[in-house]
Amino acid sequence: MTTKSGLRPDFLWGGAVAAHQLEGAWQADGKGVSIADVMTAGANNVPRQITAGVQPGQNYPNHSAIDFYHHYKADIKLFAEMGFNCFRTSIAWTRIFPNGDESAPNEAGLKFYDDLFAECHKYGIEPVITLSHFELPYHLVSEYGGWRDRRVIDFFVHFAEVCFKRYRHSVKYWMTFNEINNQMMYMNDFTVATNSGLVFRHNEDAATREALMYQASHYEVVASALAVKIGHQINPNFEIGSMVNFTPLYPASAAPADILVAEKMMQRRYWWSDVQAWGHYPCGMEAYFKQHNLRPDITAEDRIVLQEGTVDYIGFSYYNSMTIAVDGEGFKIVANPTLETSEWDWPIDPIGLRYSLNWLQDRYHLPLMIVENGLGARDKVEADGRIHDPYRSAYLRAHIEQMIKAVNDDGVDLWGYTPWGCIDLVSAGTGQMSKRYGFIYVDKDDDGNGTLARSRKDSFYWYQKVIQTNGADL
Ligand code: P53
C-alpha cells in the first residue's frame, strides 16, 4: 500500500543529530571525555585540532553545544509539533562507559537515554540510534591508540550489548558506526580521529597511515558484525544497519581512463558497506591489499564473524556528489561545472541522491534509509524574531522530489528520511554554530554567546506540511 506521494504509509519522517554535537553537559552525571571533547573550534577551511587531552585556554564547542541534555523535553516537543515519527540520535559512549574499558556501565548515563527514549515514545516518535558517532572515549585513544588495537573490539561490543539489553523495548532501529568510510581520507587528521581515534605519531608516514586505517577499519567491521549478531539474539525484531557517507564519484569526462578511475575509487570508498552487507571483503580490496603489501590482521575467525553479522538495511548520509579525473597514476577531484555550491563549497546535486539510491539498491538489495541530508547555511534573525530560510526548504524539496522518483520510478525500498541537524547544532567539520541545518533556530554564536532560546524557522512549517501529507505537498 502506498499513499499519494508513493511513499509507504509508515514512512519514517524525522531528523538526525549526534549526541556530541548537541547534548553538551560534557561532564554531567559521570560522563567521561570523548574524542569530540578534545576537538577545538575551526572555521570554513580552518581545520579543527585534536588536542592531547582537554587543554586550558582552548575553545571546545562540543562541551556545551546546545545543551540538549537539559533541554531535550522541550526540543522533542517541537519535533513532535513538526510531525516527526522518528528521531535519529546517538548514544554518547562516554556517558555509559566514561573510559571505555570498564566492565560496569554508568547507571546515570543509561538512565538519561531511558528518559530521552520515553519522551520520544510519548509522542509516537521512534528513536533511530547510532552506537558510535565520532564519540570514542578519549581514554581508548590515549591508552590504546584507538581502533589500531584489537582489544577495542571487545570494548565496543560490550557497550553495544549493554545498550541493546537496556533499550531492547525502546529502540528498534540501530546503526553501528556513523560514516564508517570517511576514513578513506586517511591523510586528514580530523577524519581518522573521529572515525577511529587514530592520532598519528610524527614518524607515521603516508604508507603507515594507510595501513593503520585499514587495520582500524577491519576491527570496526568485525565489531560491527559481532554487534549485529548479538543484537539479533537480544531482540530478533531489531533492525541493525550500516551507515556510510555516500558521495557518488562521477567521472569528469567520457574518457575511459576517467570512467575507470571513478569506478576504482568507488570500490575503495564503499568496501565497508560491502563487507557489512555481504559478509566478506570484495575481491578488488583483497587484490588492493596484496598489491600494496598491506597486511591487515584478518583472522579466519574474523571472516566467519563477518559472515554471521550482516546488516539488515543500509543507512547513509547524502550531501553531494564529487567529480573525479585520472591524474598520472592517481586521481584528482575536480569541480563539476554543472552544479552550484553552498557557502561552504559543497556541491548541490539533488539528482545525485536518486543516483545514490539506485546504486545502493542495485549493489546491496537491502532496504535503505536516508539518515542525513541537508544544507549548512547562515540564517538571519529578523527584527520580529522570524527566520526566513527559503534556501533550506528549496534544497530539501529538490532532494525529496528525487527520493520520491527513486521510490516510484525505480522501485527503491526506502524506509525513511531524517535530514541532518533538525535543530541547529555544532558542525562536525568546522565546529561552528553558524553553519546551520535546523528547522529550529538556536540562539548561540561561534564564540559561544547566546541565550540558547529555540525558535521555529519558516522551514519548520514547510517540513510540517511535508510530513503531514507524507511527501505529497512539497
Ligand atoms: P558538517 C565530512 C563530510 C561529510 C559529512 O557535516 C560529514 C563530514 C564530517 O564533518 O559528517 C556528517 O557538520 C556527519 C555529521 C555532520 C554532518 O555530516 O561538517 O555524520 O556528524 O555534522 C554535516 O557540516
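Every value quoted in this text rests on a predicted model; they were computed, and no experiment measured them. Sequence positions, counted from 1, serve as the residue numbers for this chain. Counting starts at 1 for both ligands and their atoms, following the listed order.
- Separation of atoms CH2 (Trp462) and CG (Asp389) is listed at 10.0 Å; rounding is to 0.5 Å.
- Taking the side-chain contact (heavy atoms from CB on, under 4.5 Å) definition, one finds that Ala207 meets it with Asp205, sequence neighbours left out.
- Checking Trp93, Phe97, Trp147 one by one against Leu140, the side chain to side chain contact (heavy atoms under 4.5 Å, CB included) holds for a single residue, Trp93.
- Closer than 4.0 angstrom to ligand 1 lie heavy atoms from Gln21, His133, Phe134, Asn178, Glu179, Asn245, Tyr319, Trp346, Glu372, Trp420, Ser427, Ala428, Gly429, Lys435, Tyr437.
- Partners of Ala16 according to the side-chain contact (heavy atoms from CB on, under 4.5 Å) rule, which considers only residues two or more places apart in sequence or in another chain, are Arg88, Glu372, Thr418, Trp420.
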Determine, stepwise, if the pair Trp271 / Tyr288 fulfils ring-ring contact (aromatic ring centres under 6.0 Å, His included). CA-CA 11 Å; Trp271 69 265; Tyr288 183 83; over 10 Å; no
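- Under the side chain to side chain donor-acceptor pair (under 3.5 Å) criterion, Lys457 pairs with Asp379, Asp424, sequence neighbours left out.
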